[in-house]
2 protein chains.
Amino acid sequence: MRERSHANLRLVRRRAMRHGSGVLSQKTRYAIRAMQHLADHYGQRIVPLSEIAEAQKIPPKFLTVILSELTRFGIVESQRGKDGGYRLSIPPIDITYGDLIRVMRGSLALVPCASRFAHEKCKNCLEEHDCRTRALMLQVRDATAELLDGVRLSDPIQPVGDEDIGAAAPQAKA
Amino acid sequence: MRERSHANLRLVRRRAMRHGSGVLSQKTRYAIRAMQHLADHYGQRIVPLSEIAEAQKIPPKFLTVILSELTRFGIVESQRGKDGGYRLSIPPIDITYGDLIRVMRGSLALVPCASRFAHEKCKNCLEEHDCRTRALMLQVRDATAELLDGVRLSDPIQPVGDEDIGAAAPQAKA
DNA sequence: ATATTCTCAACCAATCTTGTTGACAATATG
DNA sequence: CATATTGTCAACAAGATTGGTTGAGAATAT
């Protein structure tokens with residue numbers, strides 16, 4: 001391993017906190033929470049939107065849009081009328097977090113041309129330059145998919161202490 | 001491994017090609033290409049913006065913005081006037097793709113609370129629900145970082161055939 | 001019939017993305 | 001010094017995306 005002691009690059013990490021948006025949209029995160037809530041009641045009862053909204057602190061009208069989308073997709077079933085609501089149409093052990101993210105945002109890949117399923121040639125991929133990174137992007141996609149598809153909606157909470165930020169890599173670099 | 005033969009979920013992968021945007025913005029991809037171009041001429045000469053723009057097919061005025069940003073950041077040095085241009089201020093072997101992405105988009109993490117350096121508590125992280133995924137998000141972040149920081153601007157092209165989509169064996173190729 | 005619950009298209013403000021314009025600052029050359 | 005060249009920077013702008021809301025239905029249980 002090389003030293004890399006340049007002040008500028010050491011600063012990258014600290015300074016680079018400009019827009020803390022993250023990759024997953026709020027909608028996707030809401031969807032994950034809603035699905036977790038449904039998973040917790042799978043096989044027990046149908047859960048009305050209002051309950052999910054309240055428990056998961058999701059704006060109810062927005063949740064309407066999200067759940068309709070998931071329902072249209074077929075991963076959730078709905079029942080109308082009195083005592084209606086939603087339930088998973090698939091056992092939670094058969095739904096991975098990777099599936100949820102793919103459903104909501106279309107792909108796990110960093111760049112379109114590195115998506116395994118939603119693959120499309122980047123219009124702006126210079127063959128010899130941008131695609132210089134394609135092997136790398138594919139590796140990232142695959143590693144991401146392997147992790148995200150390794151955890152299922154039925155899996156228990158994996159607690160993370162506040163001290164554990166960034167410690168999750170066994171061989172973390174100094 | 002579980003079976004997971006549900007038609008819906010098998011469909012996820014095919015159907016989920018809705019908005020092929022990807023995680024990395026066009027600006028970030030331009031920045032990577034520009035940096036690759038500078039890396040290719042590191043130690044040789046100063047490269048004017050117009051050359052980068054033409055070679056990498058980046059709108060020159062937009063490249064202006066990008067290179068100024070990189071220069072302000074200190075990762076690139078500029079020279080004005082006749083025969084001016086840009087050069088890396090750090091040897092390309094000391095710049096990883098992870099660095100570039102962090103510089104341009106602030107973090108590698110899927111969600112803000114899973115960023116190691118640009119960490120911030122998600123305002124919308126229900127302690128017991130959203131954070132149910134935090135351990136997972138941290139693993140993804142770390143795996144991503146390890147891969148992206150393992151390849152440097154000085155590294156040679158890693159060709160990927162069209163057949164190799166998703167195959168991504170790190171050191172398999174001749 | 002009525003109350004309850006999901007459905008869905010349309011709309012909206014704010015922000016982000018992808019650029020462009022144009023005035024200005026620095027520098028090399030003659 | 002004059003001038004051409006090249007980077008700097010703030011402002012603008014069209015279009016897309018995000019994060020929602022509104023409101024008019026449609027289905028269903030009682």
Side-chain angles (χ1 to χ4, degrees), chain A residues 18-34 38 45-54 56-87 89 104-107 111-112 122-124, chain B residues 18-34 38 45-54 56-89 104-106 111-112 122-124:
Chain A
R18 297 164 320 170
H19 65 322
S21 59
V23 168
L24 265 34
S25 69
Q26 185 71 335
K27 189 177 177 187
T28 299
R29 282 177 278 174
Y30 283 157
I32 289 175
R33 289 225 297 270
L38 290 179
R45 60 188 175 85
I46 256 189
V47 183
L49 185 145
S50 57
E51 176 188 317
I52 304 176
E54 190 172 3
Q56 305 294 331
K57 299 210 169 36
I58 303 172
K61 284 305 211 166
F62 195 29
L63 184 53
T64 273
V65 177
I66 294 166
L67 282 174
S68 294
E69 207 165 306
L70 292 167
T71 302
R72 261 197 311 281
F73 207 93
I75 206 174
V76 158
E77 277 168 10
S78 66
Q79 169 130 25
R80 295 176 173 191
K82 185 88 193 299
D83 294 322
Y86 299 88
R87 97 189 93 187
S89 58
M104 295 307 291
R105 61 178 312 283
S107 163
V111 291
C122 302
K123 46 218 141 296
N124 237 306
Chain B
R18 298 165 315 171
H19 64 323
S21 59
V23 168
L24 264 33
S25 69
Q26 185 71 332
K27 188 176 178 187
T28 299
R29 283 177 279 174
Y30 285 157
I32 288 174
R33 290 224 297 271
L38 290 180
R45 60 187 175 86
I46 256 191
V47 184
L49 186 144
S50 57
E51 175 188 319
I52 304 175
E54 190 172 0
Q56 304 295 330
K57 299 208 171 38
I58 303 173
K61 284 305 211 168
F62 196 28
L63 184 52
T64 274
V65 177
I66 295 167
L67 282 174
S68 294
E69 207 167 305
L70 292 167
T71 302
R72 260 197 312 280
F73 207 93
I75 206 173
V76 158
E77 278 167 10
S78 67
Q79 171 132 23
R80 294 178 173 189
K82 186 87 193 301
D83 293 322
Y86 299 87
R87 97 191 90 187
L88 297 186
S89 58
M104 295 307 292
R105 60 178 312 283
V111 292
C122 301
K123 47 218 144 295
N124 237 308

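Remember, it's a predicted structure, so these values are computed and weren't measured experimentally. Chain letters run A, B, ... following the sequence lines, proteins first, then strands; residues in each count from 1.
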Position toward the 5' end of DNA chain D (nearest nucleotide), B:P48 or A:K27
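Result of the comparison: B:P48.
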Between B:V47 and A:D83, which has a closest nucleotide on DNA chain D that is more 5'?
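Upstream on the strand: B:V47.
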Side chain of [X], heavy atoms from C-beta onward: which of [options] has the nearest atom to it?
X: B:K82; options: D:dA29, C:dT20, C:dA28; answer: C:dA28
X: B:R72; options: D:dA29, D:dC9, C:dT18; answer: D:dC9
X: B:S25; options: C:dT18, D:dT5, D:dT8; answer: C:dT18
X: A:Q26; options: D:dG19, D:dT5, C:dT20; answer: D:dG19

At under 4.0 Å between heavy atoms, what does A:L49 touch on the DNA or RNA strands: base, sugar-phosphate, or nothing?
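Answer is sugar-phosphate: A:L49 comes under 4.0 Å of backbone atoms only.
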Under-4.0 Å side-chain N/O to phosphate OP1/OP2 contact, B:Q79 with C:dA28
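Yes, B:Q79 has a side-chain N/O under 4.0 Å of OP1/OP2 on C:dA28.
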Would you please confirm or rule out a distance under 4.0 Å between OP1 or OP2 of C:dC6 and any side-chain N or O of A:S78?
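Checking C:dC6 against A:S78, no side-chain N or O comes under 4.0 Å of OP1 or OP2.
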Atom [atom1] of [X] and atom [atom2] of [N]: how far apart are they, to the nearest Å?
X: A:I66; N: C:dT7; atom1: CD1; atom2: P; value: 13 Å
X: A:F62; N: C:dA13; atom1: CZ; atom2: P; value: 17 Å
X: A:L70; N: C:dC8; atom1: CG; atom2: C1'; value: 15 Å
X: A:Y86; N: D:dA27; atom1: OH; atom2: P; value: 15 Å
X: A:L63; N: D:dG19; atom1: CG; atom2: C1'; value: 13 Å
X: B:E69; N: C:dC16; atom1: CD; atom2: P; value: 14 Å
X: B:Y30; N: C:dT18; atom1: OH; atom2: P; value: 8 Å
X: A:E77; N: D:dA27; atom1: CD; atom2: P; value: 17 Å

Is a donor on one side and an acceptor on the other found under 3.5 Å between the side chain of [X] and the backbone of [Y]?
X: B:R105; Y: B:T28; result: no
X: A:T71; Y: A:S78; result: no
X: A:R87; Y: A:L38; result: no

Output all residues satisfying salt bridge (Lys or Arg N to Asp or Glu O under 4.0 Å) with B:R45, sequence neighbours left out; order by chain, then residue number.
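B:E51.
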Do A:I52 and A:L49 come close enough that some side-chain heavy atom pair is under 4.5 Å?
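A side-chain contact is absent here, since even the closest heavy-atom pair is not under 4.5 Å.
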Using a 4.5 Å cut-off on heavy atoms from C-beta on, say whether the side chain of A:S25 contacts that of A:K27.
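They are in contact (side-chain heavy atoms under 4.5 Å apart), so the answer is yes.
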Could you give the distance from CD1 (B:I75) to CG (B:L88), rounded to the nearest 0.5 Å?
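Rounded to the nearest 0.5 Å, the CD1-CG separation comes to 7.5 Å.
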Provide a list of protein-nucleic acid N or O atom pairs under 3.5 angstrom, restricted to nucleotides 22-26 of chain D.
unit_1: D:dG23; atom_1: O6; unit_2: A:K61; atom_2: NZ; d: 3.3

